[in-house]
Amino acid sequence: MTVAREPALDEVLLKPLVEAALTEDLGRRGDVTSQATIPADMQAQLQIKARQAGVICGMDLARLSFALVDAQIAFIAQVTDGERVEADTVLAIVRGNARHLLTAERTALNFMTHLSGIATATRQIVDSVAEYPAQITCTRKTIPGLRILQKYAVRCGGGRNHRLGLDDAILIKDNHIAIAGDIKTAIQQAQNFAGHLIPIEVEVDTLEQLAQALDAGVSLVLLDNMSSEILSQAVAMCKGRARTEASGGITPETVQAAAKTGVDFIAMGYLTHSTTALDIGLDFSA
């Protein structure tokens, strides 16, 4: 499956995140190990290398990690975000002051391993349901402060983003319904508030709730924690009336069963809270 290349995030968005990560790592005295063991003027060349196959994400973050420590470091990228690579692929060559290279190493790799893990898992899941119409989306179950990066990694893996934040769209969930009184009241209040510019999605747990939501005129429903049998019935009810999104603990092992029901979207918190980092290292080369 060919996945369109995701546009890179603007550097103005990335720089504060990298600065915060470096500040946390440097602490009060900086990299005392490199200062103690490596001459101040020593030069070195290292390679960032994938130690296992996967989809790469975080190249600009790695580049910035080195540049913010030492603007004279040369960062020579060999791949781009969203590219699928095999094990032992050289992702970038970095050369410059040896102390500074090692100072930036962990910050660069932390970003790359985490985001590449998300992109890799997303691509695997997208590929696994490619024969069905369902599109894979992430959720707001992200690490605070890193949401924009994690959702970018999902896109690099061929997935789509659900809401970036609470201000993107109205998503009426079970607690909103409970506090509002009933699903019809919650939907009517949301429609009055939203006007024509804010999209509205309603979470339903039962076919009865779904019928009420459809009668209220919603165009997107979140089908939460439904069995495959009930999910199939829900999709049939929505045909020609609303788009459907399955959610609720969906994993790589259960995603195909959800996709087979014919839902339009499958929301997976798994992508950002349970994926495994991709093994990427920085190796001395000269």
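In terms of hydrophobic clustering, with Ile, Leu, Val, Met, Phe, Trp and Tyr side chains grouped at heavy-atom distances under 4.5 Å, V263 and I250 are assigned to a common cluster. Criterion: ILVMFWY side-chain heavy atoms under 4.5 Å apart, direct or through other members. Under it, L115 and L164 are not part of a common hydrophobic cluster. Both L282 and F75 are members of a single hydrophobic cluster when ILVMFWY side chains are connected at heavy-atom separations under 4.5 Å. Each of L61 and V90 belongs to its own hydrophobic cluster when Ile, Leu, Val, Met, Phe, Trp and Tyr are linked at side-chain heavy-atom distances under 4.5 angstrom. Grouping the Ile, Leu, Val, Met, Phe, Trp and Tyr side chains by contacts below 4.5 angstrom, directly or via other members, places M237 apart from L220.
Under the 4.5 Å side-chain criterion, counting only non-hydrogen atoms from C-beta, K184 is not in contact with I187. No side-chain heavy atom of D174 sits under 4.5 Å from any side-chain heavy atom of D224. Side-chain contact between Y132 and V255 is absent, with no heavy-atom pair separated by less than 4.5 Å. No side-chain heavy atom of T80 sits under 4.5 Å from any side-chain heavy atom of M59. The side-chain heavy atoms of I230 and L207, taken from C-beta on, include a pair separated by under 4.5 Å. Taking 4.5 Å as the limit, some side-chain heavy atom of Q52 sits within range of a side-chain heavy atom of L278. With contacts defined as side-chain heavy-atom distances shorter than 4.5 Å, the pair V204/L223 qualifies. K173 has its side chain out of reach of N175: every pair of non-hydrogen atoms, C-beta onward, lies at least 4.5 Å apart.
Within the model, atoms OG of S65 and CZ of R106 stand 11.0 Å from one another, a figure rounded to the nearest 0.5 Å. Taking CD1 of I56 as the reference point, atom CD1 of I48 lies at 10.0 Å (rounded to 0.5 Å). In this structure, C156 SG and E6 CD are separated by 5.5 Å, a value rounded to the nearest 0.5 Å. Going from atom CD1 of I136 over to atom CZ of R123 covers 13.0 Å, rounded to the nearest 0.5 Å. We find the SG-CZ distance between C238 and R243 to be 11.5 Å, quoted to the nearest 0.5 Å. Interatomic distance, CD1 of I280 versus CE of M112, reported as 4.0 Å (0.5 Å rounding).
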Stepwise, does the side-chain contact (heavy atoms from CB on, under 4.5 Å) test hold for E201 with I170?
CA-CA 6 Å; E201 183 174 16; I170 293 174; over 6 Å; no
Checking side-chain contact (heavy atoms from CB on, under 4.5 Å) for the pair D167/I198: CA distance, chi angles, key distance, verdict?
CA-CA 9 Å; D167 62 334; I198 302 178; over 6 Å; no
Derivation of the side-chain contact (heavy atoms from CB on, under 4.5 Å) call for I118 and V154:
CA-CA 6 Å; I118 292 173; V154 168; 3.7 Å; yes
Applying side-chain contact (heavy atoms from CB on, under 4.5 Å), run through L91 and Q78 and close with a yes or a no.
CA-CA 5 Å; L91 308 179; Q78 305 294 300; 5.7 Å; no
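A donor atom on one side chain and an acceptor atom on the other are found under 3.5 Å apart for E253 and T251. H100 and Q72 share no side-chain donor-acceptor pair at under 3.5 Å.
Between T275 and G117, the shortest heavy-atom distance links the atoms CB-O, 4.1 Å. Taking every heavy atom of both residues into account, Q256 and S128 meet most closely at NE2-O, 2.7 Å. Shortest non-hydrogen contact noted between N161 and T137 is C-CB, 4.5 Å. Residues G249 and T254 share a closest heavy-atom pair of O-OG1, 4.3 Å. Across every non-hydrogen atom of M268 and T139, the tightest pair is C-CG2, 3.8 Å. When every heavy atom of I177 is checked against every heavy atom of I183, the shortest pair comes out as CG2-N, 3.5 Å.
Around atom CD of E19, more than 12 heavy atoms belonging to other residues, nucleotides or ligands sit under 6.0 Å away. No more than 12 heavy-atom neighbours from other residues, nucleotides or ligands sit within 6.0 angstrom of CZ on R160.
Just one residue in the list D283, T89, D88 forms a side chain to side chain donor-acceptor pair (under 3.5 Å) with R51, and that residue is D283. Evaluated for a side chain to side chain donor-acceptor pair (under 3.5 Å) with Q150, the options H273, K141, H114 yield exactly one hit, H114.
Ion pairing between R63 and E11 holds under the 4.0 Å rule for side-chain N and carboxylate O. The pair D168-R140 does not meet the salt-bridge criterion, since no charged nitrogen lies less than 4.0 angstrom from a carboxylate oxygen. We find that D81 and R155 are not joined by a salt bridge, their nearest charged nitrogen and carboxylate oxygen being 4.0 Å or further apart.
The backbone N or O of E245 lies less than 3.5 Å from no partner atom in the side chain of D264, so there is not a single donor-acceptor pair. Judged purely by atom type and a 3.5 angstrom limit, R99 uses its side chain to pair as donor or acceptor with the backbone of Q35. Between the D10 side chain and the V12 main chain, no donor and acceptor come within less than 3.5 Å of each other. Here the side chain of T120 pairs a donor or acceptor atom with the backbone of V55 at under 3.5 angstrom. Although no hydrogens or angles enter the test, the distance criterion places no donor-acceptor pair under 3.5 Å between the side chain of D25 and the main chain of A21. In this structure a side-chain-to-backbone donor-acceptor pair under 3.5 Å is present from K151 to R163.
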